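The structure appears below as structure tokens.
We number each residue from 1, following the sequence as shown. These numbers come from a predicted model, not from an experiment. Just the heavy atoms: all of them, side chains too, but no hydrogens, waters or symmetry mates, feed the values below.
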Amino acid sequence: VQLQASGGGLVQAGASLRLSCAASGSIFSIPYMGWYRQAPGKQRAMVATITSGGSTNYADSVKGRFTISRDNAKKTVYLQMNGLKPEDTAVYYCNAEGLVVAPGSYGADYWGKGTLVTVSS
């Protein structure tokens, strides 16, 4: 199983970016998908998560600016980021929590390699 994230880049404050993360490999189900970020000198923190049924959860710092969505058929999760601020600068990682590779097998967590988002003031 691999998670491939894309869409990061360098933008000015107020701009928008859309991150994508596609899961590939032998996958039966992915109960939770999400985005986390790690800024320089800080610990990795949750940005947004989404269940296979579409229930979402956001960090307070991004509520109203970021939107998480997923395409279950494509095994892909997206993060639409609007109104970006310099404090959003970080490496963004996608996560697949409880991923099941075959019916009856145990779930496991997988991480993508991360994509850098830099927001200049």
Side-chain angles (χ1 to χ4, degrees):
V1 174
Q2 289 187 330
L3 299 180
Q4 182 64 50
S6 61
L10 171 62
V11 297
Q12 291 188 330
S16 297
L17 278 176
R18 189 189 193 211
L19 306 183
S20 299
C21 176
S24 62
S26 177
I27 299 171
F28 176 70
S29 67
I30 312 176
Y32 300 91
M33 299 188 81
W35 290 94
Y36 292 70
R37 67 187 181 187
Q38 187 166 16
K42 295 187 177 181
Q43 291 187 330
R44 191 175 299 187
M46 187 273 290
V47 176
T49 62
I50 186 168
T51 69
S52 57
S55 296
T56 58
N57 185 40
Y58 294 93
D60 288 343
S61 59
V62 306
K63 283 180 181 177
R65 299 188 297 124
F66 291 10
T67 302
I68 189 170
S69 61
R70 65 187 281 177
D71 184 327
N72 290 329
K74 294 182 178 179
K75 300 181 181 65
T76 299
V77 62
Y78 307 95
L79 186 67
Q80 178 66 44
M81 305 185 292
N82 299 329
L84 282 161
K85 305 175 181 180
E87 50 264 44
D88 294 318
T89 295
V91 176
Y92 284 70
Y93 297 90
C94 62
N95 168 259
E97 181 181 343
L99 187 150
V100 177
V101 298
S105 63
Y106 289 103
D109 294 348
Y110 294 85
W111 292 90
K113 289 187 177 180
T115 184
L116 177 63
V117 173
T118 304
V119 184
S120 64
S121 57

Which value, rounded to the nearest 0.5 Å, describes the distance between I30 atom CD1 and E97 atom CD?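 These two atoms lie 11.5 Å from each other.
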
Given 3.5 Å as the limit, does a donor-acceptor pair link the side chain of N95 with the main chain of W35, or not?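 Absent.
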
N/O donor-acceptor pair under 3.5 Å between T56 side chain and I50 backbone: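 Side chain of T56 to backbone of I50: no pair is present.
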
Sole candidate of K75, K74, R70 that passes side chain to side chain donor-acceptor pair (under 3.5 Å) when paired with N72: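 In the set K75, K74, R70, the residue that makes a side chain to side chain donor-acceptor pair (under 3.5 Å) with N72 is R70.
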
Do other residues, nucleotides or ligands put more than 12 heavy atoms under 6.0 Å from Y32 OH?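 No, because the 6.0 Å sphere around OH of Y32 holds 12 heavy atoms or fewer from other groups.
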
Is E87 atom CD crowded by more than 12 heavy atoms from other residues, nucleotides or ligands, each under 6.0 Å away?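 Counting neighbours around CD of E87, more than 12 heavy atoms of other residues, nucleotides or ligands fall under 6.0 Å, so yes.
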
Do the ring planes of W111 and Y36 sit parallel (below 30°), tilted (30 to 60°) or perpendicular (above 60°)?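 Perpendicular.
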
Answer yes when K85 and D88 have at least one side-chain N-carboxylate O distance shorter than 4.0 Å, and no when they do not.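 Result for this pair is no, no salt bridge flagged.
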
If you apply the rule side-chain contact (heavy atoms from CB on, under 4.5 Å), what do you find for V62 with R37, and how did you get there? CA-CA 12 Å; V62 306; R37 67 187 181 187; 4.0 Å; yes

Result of checking T49, I68, L3, L19 against V77 for side chain to side chain contact (heavy atoms under 4.5 Å, CB included):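 Only one option passes, and that is I68.
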
Atom of [X], atom of [Y] and distance for their closest heavy-atom approach:
X	Y	value
S121	P86	CB-CG, 3.8 Å
V11	A15	CB-CB, 3.8 Å
Y93	G112	CD2-O, 3.5 Å

Take M46 and N57 through the side-chain contact (heavy atoms from CB on, under 4.5 Å) test and state the conclusion after the steps. CA-CA 9 Å; M46 187 273 290; N57 185 40; 3.4 Å; yes

Using the rule given for side-chain contact (heavy atoms from CB on, under 4.5 Å), can you reason through Y78 versus T67, listing the C-alpha separation, both sets of side-chain angles and the distance that settles it, and then say yes or no? CA-CA 8 Å; Y78 307 95; T67 302; over 6 Å; no

